[in-house]
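Read through the structure below, which is laid out as structure tokens, and then see the notes.
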Amino acid sequence: MPATLENLLAIDEPIVLGPFGGASSVELTALVSEAGGLGSFGLYGYSAERIHDAITRLRAATDRPFAVNLWLPTGDEVVPADVDLQPFLDALAPLYDEVGVQPPAAPAAFIPAFDAQLDAVLDAAPAVVSFVYGVPSRDVIDRVHRSGAHVIATATTVAEARALDEAGVDAIVASGAEAAGHRVSFLRHAEQSLVGVISLIPQVVDAVRAPVIAAGGIADRRGVAAAFALGAAGVQVGTAFLRTRQSAVPESHRRAIAAATDTDSVLTRAMSGRLARGIPNRAMREIETTGLIAPFPAQNWLTGAFRSAAATQDRGDLVSLWAGQSSALATRDDADEVFAALREGVPR
Ligand SMILES: Cc1cc2nc3c(=O)[nH]c(=O)nc-3n(C[C@H](O)[C@H](O)[C@H](O)COP(=O)(O)O)c2cc1C
């Protein structure tokens, strides 16, 4: 049998639902896996207990393969003790006030430790574990393989793809600058790693042995066909699925994607301290105006306090409206229909 992504991952269609750190839903992930693709679930910020719970619920919803996604530690998770968060808290005070929450007190840790997250993932033994923000160590890759799972990791440049290939990952997501959410670059600054999909995919395909999954701006059959023409073995889609009723984002986020044009997304560090693509709203603009952006993950945690209240209140002006450059192609509000439209672009 040829080494297709379908054979490798035991799926029927080479279509991956991208993980959404903080915004994945069991329903959407399971729906894509049940349809024959690979549903992914983002575990960013999840404790071991929540990881166990999420994977148990995914298992109950589908017995097809699915992926869970972890952010690798990059050394900036621990904010030095001498960083004074007060100026950042003060700058965000009006936003806390607006949604009726108190400024948060500094926690013991901003995010759960990676090792505890990985242990919980391997205990639950999903079919695929995907990583962003680096090259998983030999030990991590070996442990995932010993658990019976495949390893996927993401590159934003050819050099990153080569590094992942040499490390022995099973498939590489090549994420173009069009993509929604965080730019997961790890060899150079994210601002210096903004390669578009039509340039990135064939260059990565030429540079690596592992199958390449194209991500960024793919939202319908034409994008899928183009990715395969460039040599990709599969596609990973975010925005088009995020727009559907099965996703976990607030209704105002779906409306913002539905209304966005090609030029309506921007790259910002305002919401998390790391570069990410989304639709500008008042929170993003006000934070950028103050110029007071704490380093990741402190900024993500600081804004999280008003973002979660804003999401409950469906306040689209005060959440992170992550979305890619193809938002205007995300026209469907049913994930089964999105999947069917994408499938039409897969070469037969
Ligand atoms: C809300 C949101 C959160 C995301 N979180 C993650 C994440 O935690 N890990 C990851 O690998 N990709 C993450 N992504 C990227 C998507 O999985 C996917 O690769 C990307 O959306 C593809 O580009 P597109 O939106 O143009 O289709 C996120 C995207 C969005 C919109």
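We count ligands from 1, going down the list as the structure has it; atoms in each ligand are counted the same way. Quick caveat: nothing in here was measured; it's all calculated off a predicted structure.
The protein non-hydrogen atom at the shortest distance from atom 11 (O) of ligand 1 is Val132 CG1, 3.1 Å. Atom 28 (C) of ligand 1 has its closest protein heavy atom at Pro19 O, 3.3 Å. For atom 1 (C) of ligand 1, the nearest non-hydrogen atom of the protein is Trp322 CD1, 3.6 Å. Protein heavy atom at the shortest distance from atom 26 (O) of ligand 1 is Gly217 N, 2.7 Å. Remark: minimum distance from atom 21 (O) of ligand 1 to any protein heavy atom is reached at Gly238 CA, 3.3 Å. Of all protein heavy atoms, the one lying nearest to atom 15 (C) of ligand 1 is Ala180 O, 3.7 Å.
The shortest N or O to N or O distance between Gly21 and ligand 1 is under 3.5 Å.
Residues passing the side chain to side chain donor-acceptor pair (under 3.5 Å) test with Ser130 are Asn69, sequence neighbours excluded.
Of the inter-residue distances, the one linking Asp123 atom CG with His52 atom NE2 reads 8.5 Å to the nearest 0.5 angstrom. A distance of 4.0 Å separates CZ in Phe186 from CG in Leu164, rounded to the nearest 0.5 Å. For the atom pair Leu242 CG and Leu321 CG, the distance stands at 10.0 Å (nearest 0.5 Å).
Among Tyr133, Phe20, Tyr44, Trp71, the residue whose heavy atom sits closest to atom 8 (O) of ligand 1 is Trp71. In this comparison of Gln236, Glu178, Arg243, His253, the heavy atom closest to atom 18 (C) of ligand 1 sits on Gln236. Among Leu242, Leu43, Ile152, Thr239, the residue whose heavy atom sits closest to atom 25 (O) of ligand 1 is Thr239.
With a 6.0 Å radius and a threshold of 12 heavy atoms from other residues, nucleotides or ligands, Arg255 has its CZ atom above the threshold.
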Compile the donor-acceptor pairs under 3.5 Å between side chains in residues 335-347 and protein atoms, sequence neighbours left out, one pair per line.
none

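Salt bridge annotation for Glu191-Arg269: present, with a cationic side-chain nitrogen under 4.0 angstrom from a carboxylate oxygen. Residues Asp142 and Arg138 are paired through a salt bridge, judged by an N-O separation under 4.0 Å between the basic side chain and the carboxylate.
Taking the six-membered ring wherever Trp is involved, the centroid distance between the rings of Trp322 and His182 falls below 6.0 Å.
Every atom of ligand 1 with a heavy atom of Ala179 under 4.0 Å away is listed here by number and element: 22 (C), 23 (O), 26 (O). When each atom of ligand 1 is checked for a heavy atom of Val237 under 4.0 Å away, the hits are 27 (O). Every atom of ligand 1 is numbered from 1 in the order shown, and the set under 4.0 Å from a heavy atom of Gly18 is 17 (O).
No single ILVMFWY cluster, assembled from side-chain heavy atoms under 4.5 Å apart, contains both Leu72 and Ile111.
Using a 4.0 angstrom heavy-atom cutoff, Ser326 does not count as in contact with ligand 1. Ligand 1 is approached by Gly216 to a heavy-atom distance shorter than 4.0 Å.
When heavy-atom distances to ligand 1 are checked against a 4.0 Å cut-off, Asn69 comes that close only through its side chain, counted from C-beta outward.
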